[in-house]
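Report on the structure given below.
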Amino acid sequence: MSQKSDISAMNSPMELAFAEARAAAGRGEVPVGAVIMRGSEVLARGSNRIMELKDPTAHAEIMAIRAASAALGSERLIGCDLYVTLEPCAMCAGALSLARVRRLYFAASDPKGGAVEHGPRFFSQSTCHHAPDVYGGLRESEAAQMLRDFFTDKRG
């Protein structure tokens, strides 16, 4: 399902997602960042805020979806693309499907918690109402290293 891609024109939105991930790490959150684009317009940014908000649903993707929906005044993000530094979990994949996100671009895969290329492979299920086009592996090694460094520092 995922299409490995070297989309140089897409580096800018992914760089914004990495900036969000670094901000999350600076707050002591797992460094995951997300950006939602509509064409060349940045609609929303999000980063993990689980500990800060005491909310297990405050994943980067959910935070970005909430902000983009508010900006558009709609629960549907038709024609929007999400860039995220880590493969979405099942909850986030479900939210992307319900929001009708057009394309998903992610950096590092997540063999333990991911639900796009791993685990339940959410978008491949017959009960999935909408599956975005998926492009994985963008700046994968950089994102994976950021996560490894974060957890190494935490375990210190």
**Validation row: Met37, Val42 side chains within 4.5 angstrom (heavy atoms)** = yes
**Message:** Whether the side chain of Glu20 engages the backbone of Val35 through a donor-acceptor N/O pair (distance < 3.5 Å, no angle test) should be reported.
**Reply:** no
**Request:** For residues Val84 and His59, determine if any side-chain heavy atom of one lies less than 4.5 Å from a side-chain heavy atom of the other.
**Result:** no
**Prompt:** Are any side-chain N or O atoms of Asp133 and backbone N or O atoms of Arg103, one a donor and one an acceptor, separated by less than 3.5 Å?
**Reply:** no
**Message:** Donor-acceptor check, side chain of Asn48 to backbone of Glu29, threshold 3.5 angstrom: yes or no?
**Reply:** no
**Message:** Do Pro13 and Tyr105 have side chains that approach each other closer than 4.5 Å (heavy atoms only, starting at C-beta)?
**Reply:** no
**Message:** Could you measure the distance from the CZ atom of Phe18 to the OH atom of Tyr83? Nearest 0.5 Å is fine.
**Reply:** 13.5 Å
**Asked** Hey, are the side chains of Cys92 and Ile62 touching, using non-hydrogen atoms and a 4.5 Å cut-off?
**Response** yes
**Asked** Do side-chain atoms of Arg22 reach the backbone of Val32 as a donor and acceptor pair under 3.5 angstrom?
**Response** no
**Gap separating the CD atom of Glu142 from the CG atom of Leu147, nearest 0.5 angstrom** = 11.0 Å
**Request:** Report the distance from atom CD1 of Ile50 to atom CE of Met63, rounding to the nearest 0.5 Å.
**Result:** 10.0 Å
**Asked** Hey, mind stepping through Val101 and Glu61 against side-chain contact (heavy atoms from CB on, under 4.5 Å) and telling me if it holds?
**Response** CA-CA 11 Å; Val101 168; Glu61 301 94 325; over 6 Å; no
**Asked** Between Cys80 and Leu72, is a side-chain contact (heavy atoms from CB on, under 4.5 Å) present by the stated rule, with each step listed?
**Response** CA-CA 11 Å; Cys80 295; Leu72 292 176; 4.1 Å; yes
**Prompt:** Measuring from Leu98:CG to Ile65:CD1, what's the distance to the nearest 0.5 Å?
**Reply:** 9.0 Å
**Fill in**
What one should report as the nearest heavy-atom pair of Val116 and Glu87 is N-OE2, 3.0 Å
**Prompt:** Are any non-hydrogen side-chain atoms of Arg27 and Ser47 less than 4.5 angstrom apart?
**Reply:** yes
**Item:** Under 3.5 Å: donor-acceptor pair, side chain of Ser74, backbone of Ser69
**Value:** no
**Fill in**
When every non-hydrogen atom of Ala25 is compared with those of Pro31, the smallest separation belongs to CB-CB, 3.8 Å
**Prompt:** Applying the side chain to side chain contact (heavy atoms under 4.5 Å, CB included) test to Phe106, which of Thr85, Leu138, Val134, Leu86 qualifies?
**Reply:** Val134
**Asked** Between Leu104 and Phe123, is any pair of side-chain heavy atoms under 4.5 Å apart?
**Response** yes
**Item:** Inter-residue atom distance Leu43.CG - Leu82.CG, 0.5 Å rounding
**Value:** 11.0 Å
**Test item: Ser97 side-chain N/O and His130 main-chain N/O as donor-acceptor pair under 3.5 Å** = yes
**Prompt:** Does the side chain of His118 come within less than 4.5 Å of Lys112's, by heavy atoms?
**Reply:** no
**Message:** To check you understand the geometry: which heavy-atom pair defines the closest contact between Gln145 and Arg148, and what is its length?
**Reply:** OE1-NH2, 2.9 Å
**Fill in**
Of all heavy-atom pairs linking Glu117 and Ser109, the shortest is OE1-CB, 4.4 Å
